[in-house]
Number of protein chains: 2
Amino acid sequence: MTDPEATPARRRPPTIHDVAREAGISRGTVSRVLQGGHNVSPEALKAVNAAIKKTGYVVNRHARSLVTQRSDSVAFLLTEPQDRFFEDPNFGHLLRGCTAALAEHDIPLLLMIAGTEEERRRIGRYITSGHVDGVLLVSSHSGNPMVELLQQAQMPVVACGKPLGHATATPYVAADDREGARLLVRHLVATGRRRIATITGPLDTPGGVDRLSGYREMLAEAGLGYDPALVVEGDYSRAGGSAGMERLLAQAPDLDAVFVASDLMADGALAALDRAGRSVPHDVAVGGFDDSTVAASARPALTTVRQPWERISGEMVRVLLDLIAGRPPASVILPTELVRRESA
Amino acid sequence: MTDPEATPARRRPPTIHDVAREAGISRGTVSRVLQGGHNVSPEALKAVNAAIKKTGYVVNRHARSLVTQRSDSVAFLLTEPQDRFFEDPNFGHLLRGCTAALAEHDIPLLLMIAGTEEERRRIGRYITSGHVDGVLLVSSHSGNPMVELLQQAQMPVVACGKPLGHATATPYVAADDREGARLLVRHLVATGRRRIATITGPLDTPGGVDRLSGYREMLAEAGLGYDPALVVEGDYSRAGGSAGMERLLAQAPDLDAVFVASDLMADGALAALDRAGRSVPHDVAVGGFDDSTVAASARPALTTVRQPWERISGEMVRVLLDLIAGRPPASVILPTELVRRESA
DNA sequence: CTGAAAGCGCTTACAG
DNA sequence: CTGAAAGCGCTTACAG
């Protein structure tokens with residue numbers, strides 16, 4: 001692709017050889033210093049460090065990877081329907097968190113978005129042929145074809161959220177969805193609500209399933225019966241939240257609260273409630289999930305359940321690096337927290 | 001980092017050598033096929049392609065990069081204040097578009113987020129030492145320290161939006177902000193509005209500056225005077241839109257329209273208008289900018305100016321690849337389009 | 001603790 | 001059109 005004639009002459013960066021010469025020492029020893037300085041005399045170490053600084057040396061990762069057979073890079077693989085990615089601030093948090101956590105280990109993040117079949121194929125080939133050491137998988141929907149592929153290739157993988165419907169377990173990191181839902185619904189009950197509805201997430205995602213169980217459990221514990229008319233399935237989008245709320249209002253006009261499985265949907269529900277002339281929280285209390293940026297800016301501001309995105313992304317990276325290093329897999333569940341604002 | 005004892009034995013992928021043996025031909029010829037098949041006999045080409053398929057060969061990019069001195073990868077560098085990144089769907093579109101456009105060239109995208117000084121330093125070192133061939137820069141605020149660094153290192157760079165305040169020009173791709181603003185304001189004028197306010201973007205961003213000029217120009221052309229009380233500066237956030245609208249309402253209670261420089265801010269403005277008891281579009285018409293996902297879901301749905309994100313990202317990639325290939329730089333301005341919905 | 005040397009998997013003049 | 005060979009910049013046993 002490069003046309004050597006036209007390319008501006010960028011000077012070649014210094015190599016380990018330049019450093020060795022500068023330090024008056026062999027290249028092997030320079031490399032040893034780079035690897036952590038074991039088995040290197042203090043004087044040699046000093047000389048090398050000085051030479052590195054003087055020459056401005058930075059390791060050539062391609063050369064290193066070629067011999068170590070490691071890429072020292074990680075893929076962030078997104079297989080969600082793309083529109084959610086644009087709308088949902090959670091993805092931004094996750095991406096930001098993972099990038100930052102990886103940066104601390106000097107590991108670049110390769111972003112891969114598998115929307116089409118063609119993309120899936122290409123990405124599969126790329127990942128399984130050793131170009132990355134592991135993958136951070138963001139795809140909560142069950143039946144994802146990539147998961148199997150990655151497993152077969154024995155790729156280190158950690159998922160965000162428990163992957164559903166896969167026999168062999170992929171390690172994952174997730175907030176405690178069920179407990180979070182219980183927290184929110186308990187709050188609704190405690191503030192006197194009795195006809196508590198819910199707009200769930202998609203029921204082929206763990207957030208959809210587990211938040212619904214938390215809701216049902218807490219209702220049962222509170223001695224409130226389970227009424228199917230109070231439950232509709234959403235899709236995590238704002239529009240889906242609006243539509244879900246309208247359906248609920250039609251099915252169960254006497255509802256006095258809704259637990260909505262995401263803030264974005266809750267924001268949509270707020271709009272629907274507003275159009276229906278129901279005041280929040282007076283007529284109906286609304287609870288969300290995520291504590292994303294929309295929660296604070298919604299009118300009224302949303303009472304919600306906080307997902308600890310920073311910790312989630314940090315743990316994802318930690319678990320993945322462990323896996324890459326050959327340590328045994330682990331999944332981690334992080335606690336959530338009720339955030340009280342105005343809507344409930 | 002890797003502990004060889006514990007790592008599951010992943011089989012080494014086939015190399016060019018395996019392909020050569022399988023095809024009964026030298027490694028040099030295999031490589032030539034990989035480079036496009038020039039100077040290769042039809043039979044050799046066939047044999048190699050068959051051998052590649054049979055062995056499942058995929059090129060080792062590290063080895064290739066080591067000799068070509070190209071990384072065949074590109075950085076997507078974000079230097080915006082991070083909160084905007086989470087909230088603003090535009091970033092998602094841009095990221096998605098760039099990833100897809102690069103994927104067609106088999107070029108992975110490295111995501112880098114320069115929030116802190118420390119991150120900037122690390123990223124600067126990483127980028128300028130040849131680990132990427134070029135950078136897609138997303139940072140509209142002026143006075144960005146990374147820009148200079150990249151220029152000094154002679155890194156191919158293309159910015160999203162015209163970089164402000166840099167002597168030497170960085171090629172960029174942007175929507176026609178001024179014309180877009182004119183389109184929207186003309187529409188407001190045409191529908192009979194006379195006291196047209198604006199909430200601008202930050203005035204150290206091109207979108208802030210240029211959309212404001214478009215607004216002023218069109219007002220002048222319509223013979224409506226310029227009234228400073230009708231102008232407030234925003235920050236592209238939803239909360240900023242709300243606050244801006246409140247200020248406007250206080251400064252100029254008789255306003256009958258607002259042109260808001262982003263959909264997200266417009267959504268915030270809508271909320272403020274609602275709280276103030278002004279109906280939209282009856283009492284005040286509201287126009288946004290972006291045509292992002294919030295525009296369609298806002299209540300009422302926003303009349304806005306469409307930014308062609310798909311084209312923007314496609315052009316950014318095209319221009320960057322041209323630059324990398326040593327072709328001369330170019331900046332491109334893409335037309336915008338008025339999208340009429342309910343708010344104006 | 002250190003140096004010399006092999007080798008990671010490719011590309012690319014260079015001969016032929 | 002093709003093969004043999006050098007070399008990209010590193011790491012890592014292997015001797016010493």
Side-chain angles (χ1 to χ4, degrees), chain A residues 1-4 10-49 51-52 55-73 106 129-131 133, chain B residues 1-4 10-49 51-52 55-73 106 129-131 133:
Chain A
M1 200 160 55
T2 302
D3 172 2
R10 226 177 307 148
R11 213 174 53 335
R12 281 218 173 175
T15 73
I16 209 176
H17 188 212
D18 301 313
V19 176
R21 196 177 17 175
E22 180 67 34
I25 220 160
S26 81
R27 292 177 298 160
T29 300
V30 174
S31 181
R32 266 169 229 123
V33 171
L34 261 28
Q35 302 308 310
H38 308 301
N39 294 357
V40 173
S41 69
E43 307 84 64
L45 195 135
K46 236 183 78 187
V48 170
N49 281 140
I52 287 176
T55 55
Y57 172 77
V58 175
V59 70
N60 180 322
R61 290 170 169 248
H62 300 304
R64 172 182 286 173
S65 289
L66 185 53
V67 15
T68 60
Q69 302 283 325
R70 257 179 297 123
S71 74
D72 292 318
S73 68
D106 241 297
S129 59
H131 292 320
D133 296 337
Chain B
M1 198 162 53
T2 302
D3 172 2
R10 225 177 310 146
R11 197 166 80 330
R12 281 216 172 175
T15 73
I16 209 175
H17 188 213
D18 300 313
V19 175
R21 196 179 14 177
E22 180 67 34
I25 220 161
S26 79
R27 292 176 300 160
T29 300
V30 173
S31 181
R32 265 169 228 123
V33 172
L34 261 29
Q35 302 309 309
H38 308 302
N39 293 359
V40 174
S41 68
E43 307 84 65
L45 195 134
K46 235 182 80 188
V48 170
N49 280 139
I52 287 177
T55 54
Y57 173 77
V58 176
V59 69
N60 180 322
R61 289 169 169 248
H62 301 303
R64 172 181 286 172
S65 289
L66 185 53
V67 16
T68 60
Q69 303 283 326
R70 258 180 296 125
S71 73
D72 291 318
S73 68
D106 241 297
S129 58
H131 292 319
D133 296 337

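Since the structure is predicted, the reported quantities are computational estimates derived from the model, not experimental observations. Numbered from 1 within each chain, the chains take letters A, B, ... in sequence-line order.
Going from the P atom of D:dG9 to that of D:dA13 covers 23 Å, rounded to whole Å. Rounded to whole Å, the C1' atom of C:dT12 lies 16 Å from the corresponding atom of C:dG16. Rounded to whole Å, the P atom of C:dC1 lies 23 Å from the corresponding atom of C:dA5. As rounded to the nearest Å, C:dT2 and C:dA6 have P atoms that lie 22 Å from one another.
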For residues 13-25 of chain B, tabulate all N or O donor-acceptor pairs below 3.5 Å that involve a side-chain atom, not counting sequence neighbours.
from    : atom 1 : to      : atom 2 : distance (Å)
B:Thr15 : OG1    : B:His17 : N      : 3.0
B:Asp18 : OD1    : B:Arg21 : NH2    : 2.7
B:Asp18 : OD2    : B:Thr15 : N      : 2.7
B:Glu22 : OE2    : B:Lys54 : NZ     : 3.1

List the atom pairs, donor and acceptor, that lie under 3.5 Å between side-chain atoms in residues 30-38 of chain A and the rest of the protein, sequence neighbours left out.
from    : atom 1 : to      : atom 2 : distance (Å)
A:Arg32 : NH1    : A:Thr29 : OG1    : 3.3

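Residue A:Leu66 comes nearest to B:Ala63 through the heavy atom pair CD1-CB, 3.6 Å, listed as atom of the first residue, atom of the second, then distance.
For the pair B:Leu45 CG and D:dC1 P, the computed distance is 11 Å after rounding to whole Å. Nucleotide D:dC10 holds its P atom 14 Å from the CG atom of A:Asp72, rounded to whole Å. Rounded to whole angstrom, the span from the NE2 atom of B:His17 across to the P atom of D:dA4 amounts to 11 Å. Whole-Å rounding puts the A:Arg21 CZ to C:dA4 P distance at 15 Å. Across the protein-nucleic acid pair, B:Ile25 atom CD1 and D:dA4 atom C1' stand 14 Å apart, rounded to whole Å.
Partners of A:Thr55 according to the side-chain hydrogen bond (donor to acceptor under 3.5 Å, both in side chains) rule, which considers only residues two or more places apart in sequence or in another chain, do not exist here. Under the rule for a side chain to side chain contact (heavy atoms under 4.5 Å, CB included), the partners of A:Val58 that lie at least two apart in sequence or sit in another chain are B:Arg125, B:Ser129, B:His131. For A:Asp106, the side chain to side chain contact (heavy atoms under 4.5 Å, CB included) criterion is met by A:Arg61, B:Arg122, not counting sequence neighbours.
Picking from D:dT2, D:dG9, C:dT2 the nucleotide with the shortest atom distance to the side chain of A:Ala44 gives C:dT2. Comparing D:dC10, D:dT2, C:dT2 by their closest approach to the side chain of A:Asn60 singles out D:dC10.
The shortest distance between the side-chain N/O atoms of A:Asn39 and the OP1/OP2 oxygens of C:dC1 is below 4.0 Å. Residue A:Ser26 has a polar side-chain atom (N or O) positioned under 4.0 Å from OP1 or OP2 of C:dG3.
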## Note on the structure
Letter by letter from the 5' end, nucleotides 11-16 of chain D scores (B base, S sugar-phosphate only, - none; protein heavy atoms under 4.0 Å) BBB---
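Taken from NE2 in A:His62 to OG1 in B:Thr68, the straight-line distance is 7.5 Å, to the nearest 0.5 Å.
Pairs of Watson-Crick or G-U wobble type, with distances under 3.5 Å, assemble into runs of 3 or more in DNA chain D at these ranges: C:1-3 with D:14-16, C:5-12 with D:5-12, C:14-16 with D:1-3.
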